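In listed order, ligands and their atoms are each counted from 1. Bear in mind that the values here come from a model prediction, so they are computed numbers and not experimental data.
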Amino acid sequence: MSSQTRKALVAVIGGSGVYNIDGLENARWQTVTSSFGEPSDELLFGELDGQPLVFLPRHGRGHRLSPTTINYRANIDALKRAGVTDIISVSAVGSLKEEYAPGHFVLIDQFIDRTFAREKTFFGTGCVAHVSMAHPVSTRLMDALEASCKQLGLPYARGGTYVTMEGPQFSTQAESFLYRSWGADVIGMTNMPEAKLAREAEIPYATVAMVTDYDCWHPDHDHVTVEAVVKVLTANADNARSLVKTVAPKIYDRPLVDAQGGDHALEFALITHPEARDPEMVAKLDAVAGRVLKG
Ligand SMILES: CSC[C@H]1O[C@H](OP(=O)(O)O)[C@H](O)[C@@H]1O
Ligand SMILES: Nc1ncnc2[nH]cnc12
């Protein structure tokens, strides 16, 4: 493995309650077009302590988009086109474990994908690819998130399984009990297919999940409502902002090649014979898969 390093271009994907990054110098919203349709919003480009950062509000400014209608492919494709090398995703989640009380941060390392109404791959008929999702999160990014949580004295857990439900309705109690019986830690509606698409686009990805509620399984807590989620998000907004500002400088210097394969996931993933590839599809994949489709 090469020990060479390069400068990262870090992107933060902001979830519910996180529609902007304040304190960005030279901040400008810019349209980045994608061959996969409309991203959630323009991208916000700027610098944090002199280092470049890109921000995308997952639901769009004003929270226009539901988890199902977010164009996850366009979002990841646009970030790739902008030159992004690493993604930190920020998400509100419900807790499935007693010990993860509202206000806690869980650094996710696994996902269960229960979504069923979303485009989940950049590939398909005309150019088939199968990437590994065994380890969906970059340990390097998680290390940086953990160091930042420690530095800021935030209550956090390293490692946790995030169940992605389709939504937009919250879970029934039977579903919530089921996910708990699977040993899952938190629940949300957005991180899949986002993490799968980041992997296909060869962008290392990590999620910091901010617990906002106990979903609906806990006998001593009210069932989740948007009002309760927003209240906890507002109370913890400063922590989320500080976390983003603290973590970015820690990942600015990155290895040329991510040790876990997050940035060379397509190396052995394409199976369609070059002569059988659909040229239109190959053209659409110029940003996501140009590295392996060329030549
Ligand atoms: C407003 S509560 C439900 C909403 O919040 C989470 O979104 P995000 O991951 O973007 O913070 C959850 O997944 C739902 O989309
Ligand atoms: N309980 C919950 N279920 C799904 N998504 C959530 N986002 C925040 N809390 C949630």
Do Asn191 and Thr207 have side-chain atoms, one donor and one acceptor, less than 3.5 Å apart?
-> yes

Is there any N or O on His63 that sits under 3.5 Å from an N or O of ligand 1?
-> no

Numbering as shown, the atoms of ligand 1 that approach Gly188 to under 4.0 Å (heavy-atom distance) = 13 (O)

Charged N-O contact under 4.0 Å between Asp143 and Arg158 = yes

Side chain of Thr69, backbone of Leu65: donor and acceptor closer than 3.5 Å?
-> no

Modelled atom types, side-chain donor and acceptor of Thr115 and Lys120, under 3.5 Å | yes

Salt bridge present between Glu202 and Arg291 (N-O < 4.0 angstrom) | yes

Side chain of Tyr162, backbone of Thr190: donor and acceptor closer than 3.5 Å?
-> yes

Who's closest to atom 14 (C) of ligand 1 heavy-atom-wise, of Glu227, Met210, Met189, Met165?
-> Met189

Top protein contact for atom 5 (O) of ligand 1, by heavy-atom distance = Ser16 OG, 2.7 Å

min-distance protein heavy atom vs atom 3 (C) of ligand 1 -> Phe170 CE2, 4.1 Å

In the protein, which heavy atom is nearest to atom 10 (O) of ligand 1, and how far is it?
-> His59 NE2, 2.6 Å

Determine, step by step, whether His223 and Phe170 satisfy the ring pair (Phe, Tyr, Trp, His ring centres under 6.0 Å) criterion, reporting the C-alpha distance in whole Å, the side-chain angles of both residues, the deciding distance to 0.1 Å, and the verdict.
-> CA-CA 9 Å; His223 301 160; Phe170 292 115; over 10 Å; no

Atoms in ligand 1 with a heavy atom of Gly15 nearer than 4.0 Å = 8 (P), 10 (O), 11 (O)

Got the closest protein heavy atom to atom 2 (S) of ligand 1, with its distance?
-> Val229 CG1, 3.8 Å

Purely on distance, is any nitrogen or oxygen of Thr190 under 3.5 Å from one on ligand 1?
-> yes

Taking distance alone, with no angle check, do Pro67 and ligand 1 share an N/O pair under 3.5 Å?
-> no

Could you say whether the N/O atoms of Val226 and ligand 1 ever approach to under 3.5 Å?
-> no

Using the ring of each side chain (for Trp, its six-membered ring), is Trp217 parallel, tilted or perpendicular to Tyr214, with breaks at 30° and 60°?
-> perpendicular

Do we get Lys284 above Phe36's six-membered ring, with its NZ or CZ under 6.0 Å from the centre and within 45° of the axis?
-> yes

Enumerate the pairs of nitrogen or oxygen atoms, one from ligand 2 and one from the protein, separated by less than 3.5 angstrom; state names and distance to 0.1 Å.
from, atom 1, to, atom 2, distance (Å)
ligand 2, 1 (N), Asp213, OD1, 2.8
ligand 2, 1 (N), Asp215, OD1, 2.8
ligand 2, 7 (N), Ala92, O, 3.4
ligand 2, 9 (N), Gly94, N, 3.2
ligand 2, 9 (N), Asp213, OD2, 2.7

Determine the sole option in Glu194, Lys196, Arg199 for which the side-chain hydrogen bond (donor to acceptor under 3.5 Å, both in side chains) test with Tyr205 is passed.
-> Glu194

Search all heavy atoms of Met189 against all heavy atoms of Gln169 and return the closest pair with its distance.
-> CE-O, 3.8 Å

